[in-house]
Number of protein chains: 2
Amino acid sequence: MTTQGASLFQPVRRSRVSTDIVRQIQDLIAAEHLQPGDRLPGERELADALSVSRQSVREALRVLDYLGVVVVRPGEGTFVATTPPSPVDASLYSLLSERSFLLDLLEARRILEEGIVHLAARRATRDDLDTLETALAARETALAAGKHDVAGDLTFHTQLAELTGNPVLASAMRHFGEMWLRSREKTGRRPTSPHKALQFHRQILQAVRRRQPVAARRVLRRHLDDMRADIEG
Amino acid sequence: MTTQGASLFQPVRRSRVSTDIVRQIQDLIAAEHLQPGDRLPGERELADALSVSRQSVREALRVLDYLGVVVVRPGEGTFVATTPPSPVDASLYSLLSERSFLLDLLEARRILEEGIVHLAARRATRDDLDTLETALAARETALAAGKHDVAGDLTFHTQLAELTGNPVLASAMRHFGEMWLRSREKTGRRPTSPHKALQFHRQILQAVRRRQPVAARRVLRRHLDDMRADIEG
DNA sequence: TCGGACTGCTGGTCTGACCAGTAATCCACA
DNA sequence: TGTGGATTACTGGTCAGACCAGCAGTCCGA
């Protein structure tokens, strides 16, 4: 028996019940048996159906909650999250549900996005701008028709980051955006008026198109300040 | 009651016990009261110390387990993970070994850190500054003695981010720092002269201490520009 | 028609219990 | 003397049952 190298035997893996449940629910969502917004069975019912205790179910739901896979609303139930899950810095997880976190996040966004919009105004290609223009127009017509999706407003910001051509900035903006959505979901905050947001987006795009980095940055700042005012109420 | 605009009231947010526990333990680890490899008190003991039920403790540990913050070994106990979780955006992973990535990263750092240093100069408490001062002095004497660790230069930047009091900024800076180290490792780039770096750090700290946000930002920019010159060289 | 009480659901928490695995100790037997 | 097997006290894993507070639909009376 050597101490080095691959052992012939694998350690017996006693899986934890809660881990199995996490995987089962994730599979159900992946297979689209559970759609975003769907309500899961109650904890008691789930425990019964799985022949496990409610405690194990709760441990699983706690993990799925952290992962952003589900949203738990006391008194109502547990629902499949509408915003797709993505990793959020572990050290920030427990802060997501606090309003002050939204303000911290906004401060960080302001720093990052001021730089982004400045670069975008200098670097965006004509193709980039046309793409952004098309997307913005589509959102405007959709809104006029009464349709509006919450996550969509953020898309403009991430698209803006994309066209700096800097993948690090784009990645950071996506992360901030995801945290933004999840935190807003957890804090139960209503989104800002989509009309106002679209107006700001339109102005930013104009400034970027005209290659006016300073003006673009100014409008961006007004946009985020406006959002902050909403949060601070 | 209008449907548009900011509501006067915010939904009351009752935090979950397990969430509090998650944060407490993370804080203890961040404050280094708990070191990697340390054994946490048993679940029962923990519950008793926190005046909560074992179930709540378990839900918290389950989350920390999933985050990779702790490792749970049945029959033995729960331990602080030795390798702290350090997620690097999957979409960036393949770029780490390219030199252009270092430049992109540096551009992103410049945007972020200019904002950070500006805030730090306005917000840092005297205690914060003393801590930073001590750390810097220690590095200076170590360098004079011929000792120098590569990752250490970054520490100054992350510490600076910490004392903005904004956990989002601190987290983002840590991420950028990790990518920086890993990318520099992969590209095989030699670090900038530690002497130069320390001089810049000393200047930045002075500006922050004197509450001169603009000056601090200017030095920071020179520091990063200097690093860029090294990379492009 | 409207508003409040009622009722049954939900998740949040606590308690106490038992199981299985670890590890250190102790003791009997070779 | 030394080795190996019980003992024992811990650990996390799981279960069951209970109570609370908040949500929502129902029903009834003013």
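Proteins come first, then strands; the chains are lettered A, B, ... in the order of their sequence lines, and each starts at number 1.
A salt bridge links Arg202(A) with Glu140(A): the closest approach of a Lys/Arg side-chain nitrogen to an acidic carboxylate oxygen falls below 4.0 angstrom.
Protein atom CZ of Arg39(A) is 15 Å distant from nucleotide atom P of dC23(D), rounded to whole Å. Residue Leu50(B) contributes atom CG, which lies 10 Å from atom P of dC14(C) at whole-angstrom precision. If you measure from atom CG of Asp65(A) to atom P of dT10(C), you get 18 Å, rounded to the nearest angstrom. Counting to the nearest Å, the P atom of dC14(C) and the CG atom of Asp20(B) are 11 Å from each other. Here the C1' atom of nucleotide dG8(C) and the CD atom of Glu43(A) are 17 Å apart, to the nearest Å. Between Arg16(A) atom CZ and dT11(D) atom P there is a gap of 17 Å when expressed in whole angstrom units.
For the pair Glu59(A) and Val17(A), the minimum side-chain heavy-atom distance is 4.5 Å or more. Annotation: side chain of Leu95(A) is in contact with side chain of Arg23(B) (closest heavy-atom distance under 4.5 Å).
Between Thr78(A) and the phosphate of dG11(C), there is a side-chain N or O to OP1/OP2 separation shorter than 4.0 Å.
Figure legend: cation-pi geometry between Arg73(A) and Phe79(A), with NZ or CZ positioned under 6.0 Å from the six-membered ring centre and within 45° of its axis. Geometrically, Arg222(A) does not engage Phe200(A) in a cation-pi contact, judged by NZ or CZ lying under 6.0 Å from the ring centre and within 45° of the ring axis.
Each of Leu40(B) and Gly75(A) was assigned the nucleotide of DNA chain D with the nearest heavy atom; the assignment lying further toward the 5' end belongs to Leu40(B).
Between dG12(D), dG12(C), dT10(C), one nucleotide has an atom nearer to the side chain of Val72(A) than all others, and that is dG12(C). When each of dT11(D), dA23(C), dT10(C) is scored by its nearest atom to the side-chain atoms of Glu76(B), the top-ranked nucleotide is dA23(C). You'll find that the side chain of Glu45(A) is closest to dT10(C), out of dT13(C), dT10(C), dC15(D).
Side chain of Glu32(A) to backbone of Ile29(A): no donor-acceptor contact under 3.5 angstrom is found.
For a distance-only test at 3.5 Å, the side chain of Arg44(B) fails to qualify as a donor-acceptor partner of the base of dG16(C). Side-chain atoms of Arg54(A) and base atoms of dT13(C) include a donor and an acceptor less than 3.5 Å apart.
Residues from residues 55-63 of chain B placing a heavy atom under 4.0 Å of any atom in DNA chain D, listed by number, are Arg58(B), Arg62(B).
Side-chain contact, Asp89(A) with Ser91(A): a donor N or O sits under 3.5 Å from an acceptor N or O.
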